[in-house]
Amino acid sequence: MSDCIFCKIAAGEIPADLVYEDDLVVGFRDLNPQAPTHVLLIPRKHIASINELQPEDEPIIGRLYAAAAKIAAQEGFAESGYRTVINCNDDGGQTVFHVHLHLLGGRRMSWPPG
Ligand code: 5GP
Ligand code: ZN
């Protein structure tokens, strides 16, 4: 999608602090981090929200989590723990309509989330 900021990051058209790339997904640091490590994992394919997921997209979602686990290990908090979140639509707090998995680590998370 031509006007999607995350599509532009995936295409290298606008800069981001990339930490992970493979054939299906890209990971980069959030501009407004909510934890010592806050990485966004996105599919290269534009999918607006998890409501729009098609059956053929399911391997992409698996890859988002596999990439998050690799980054958690690299960042050194795989064992101590971390949070992964996909927000959906207004009540979920989604502000960018290209699916993204938040990986938050490096501090203790509270529950329930706000
Ligand atoms: P959401 O609220 O949709 O779940 O999360 C969107 C996230 O994208 C927010 O945490 C926000 O800080 C981040 N974000 C928005 N625009 C940009 C950008 O241009 N670059 C980066 N690195 N992060 C962004
Ligand atoms: Zn997009």
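One-based numbering along the sequence shown. Order of appearance sets the numbers: ligands from 1, and atoms from 1 within every ligand. If you're wondering where the values come from, they're calculated on a predicted model, not measured in any experiment.
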Practice item. Please report the C-alpha distance between Tyr65 and Ile86 in whole Å, then the side-chain angles of each, then the deciding distance to 0.1 Å, and finally whether the side-chain contact (heavy atoms from CB on, under 4.5 Å) criterion is met. Key: CA-CA 11 Å; Tyr65 282 92; Ile86 299 179; 4.0 Å; yes
Exercise for review: I would like to know whether Leu101 and Ile42 meet side-chain contact (heavy atoms from CB on, under 4.5 Å); could you show each step before the answer?
Suggested key: CA-CA 7 Å; Leu101 178 68; Ile42 65 168; over 6 Å; no
Practice item. For ligand 1, note which part of Phe97 has a heavy atom under 4.0 Å away: side chain, backbone, both or neither. Key: neither
Point to revise | Nitrogen or oxygen of Val96 less than 3.5 angstrom from that of ligand 1 | key: yes
Exercise for review: Please name the atom of His98, restricted to N, O or S, that is closest to the Zn ion (ligand 2).
Suggested key: ND1
Point to revise | Ligand-side contact atoms (ligand 1) for residue partner His100, heavy atom cut-off under 4.0 Å | key: 1 (P), 3 (O), 4 (O), 5 (O), 6 (C)
Check your understanding: Is the backbone of Ala73 close enough, under 3.5 Å, to the side chain of Glu79 for a donor and an acceptor to pair up by distance?
Key -> no
Revision key, fill the gap. At under 4.0 Å between heavy atoms, what of Gln34 touches ligand 1? The answer is neither
Check your understanding: Looking at CD of Glu52 and CZ of Phe97, how far apart are the two atoms once the value is rounded to the nearest 0.5 Å?
Key -> 9.5 Å
**Study point:** ligand 1 contact by Ala16, heavy-atom criterion under 4.0 angstrom
**Key:** no
Practice item. Examine Gln94 against ligand 1 and note whether any of their N/O atoms are separated by less than 3.5 Å. Key: no
Exercise for review: Enter the distance from Lys8:NZ to Asp3:CG here, rounded to the nearest 0.5 Å.
Suggested key: 7.0 Å
**Study point:** Per-residue contact class, Asp17 against ligand 1 - non-hydrogen pairs under 4.0 Å
**Key:** neither
Check your understanding: Nearest to atom 22 (N) of ligand 1, what protein heavy atom do you find, and at what distance?
Key -> Arg29 O, 2.9 Å
Review point. In ligand 1, which numbered atoms sit nearer than 4.0 Å to a non-hydrogen atom of Ile5?
Key: 19 (O)
Check your understanding: Which heavy atom of the protein is the closest neighbour of atom 16 (N) of ligand 1, given with residue, atom name and distance?
Key -> Phe6 CE2, 4.3 Å
Check your understanding: Got an N/O contact under 3.5 Å between Leu31 and ligand 1?
Key -> yes
Review point. At their closest point, which heavy atom of Gln94 faces which heavy atom of Cys88, and how far apart are they?
Key: OE1-CA, 3.4 Å
Practice item. Evaluate the criterion side-chain contact (heavy atoms from CB on, under 4.5 Å) for residue pair Leu40 and His102; output intermediate values, then yes/no. Key: CA-CA 5 Å; Leu40 301 174; His102 294 261; 3.3 Å; yes
Practice item. Give yes if a backbone or side-chain nitrogen or oxygen of His38 is under 3.5 Å from a nitrogen or oxygen of ligand 1, and no if not. Key: no
**Study point:** Side chains of Glu21 and Arg44 in contact at under 4.5 Å (non-hydrogen atoms)
**Key:** yes
**Study point:** the Zn ion (ligand 2) - name of the N/O/S atom of His46 that sits closest to it
**Key:** ND1
**Study point:** Leu104 side chain reached by Thr84 side chain, heavy atoms, under 4.5 Å
**Key:** no
Exercise for review: Answer yes or no: are there more than 12 heavy-atom neighbours, outside Asp90 itself, under 6.0 Å from its atom CG?
Suggested key: no
Exercise for review: Show which atoms of ligand 1 fall inside a sub-4.0 Å distance from at least one heavy-atom site of Phe28.
Suggested key: 21 (C), 22 (N)
Point to revise | Close aromatic pair by centroid cut-off 6.0 Å: His98 and His100 | key: no
Exercise for review: Would you mind checking which non-hydrogen protein atom is closest to atom 9 (C) of ligand 1, with the distance to 0.1 Å?
Suggested key: Asp30 OD2, 3.3 Å
Exercise for review: Any atoms of ligand 1 less than 4.0 Å from a non-hydrogen atom of Thr95? List them with their elements.
Suggested key: 1 (P), 2 (O), 3 (O), 5 (O), 6 (C)
Practice item. Just jot down the ligand 1 atoms closer than 4.0 angstrom to any heavy atom of Asn32, in number order. Key: 12 (O)
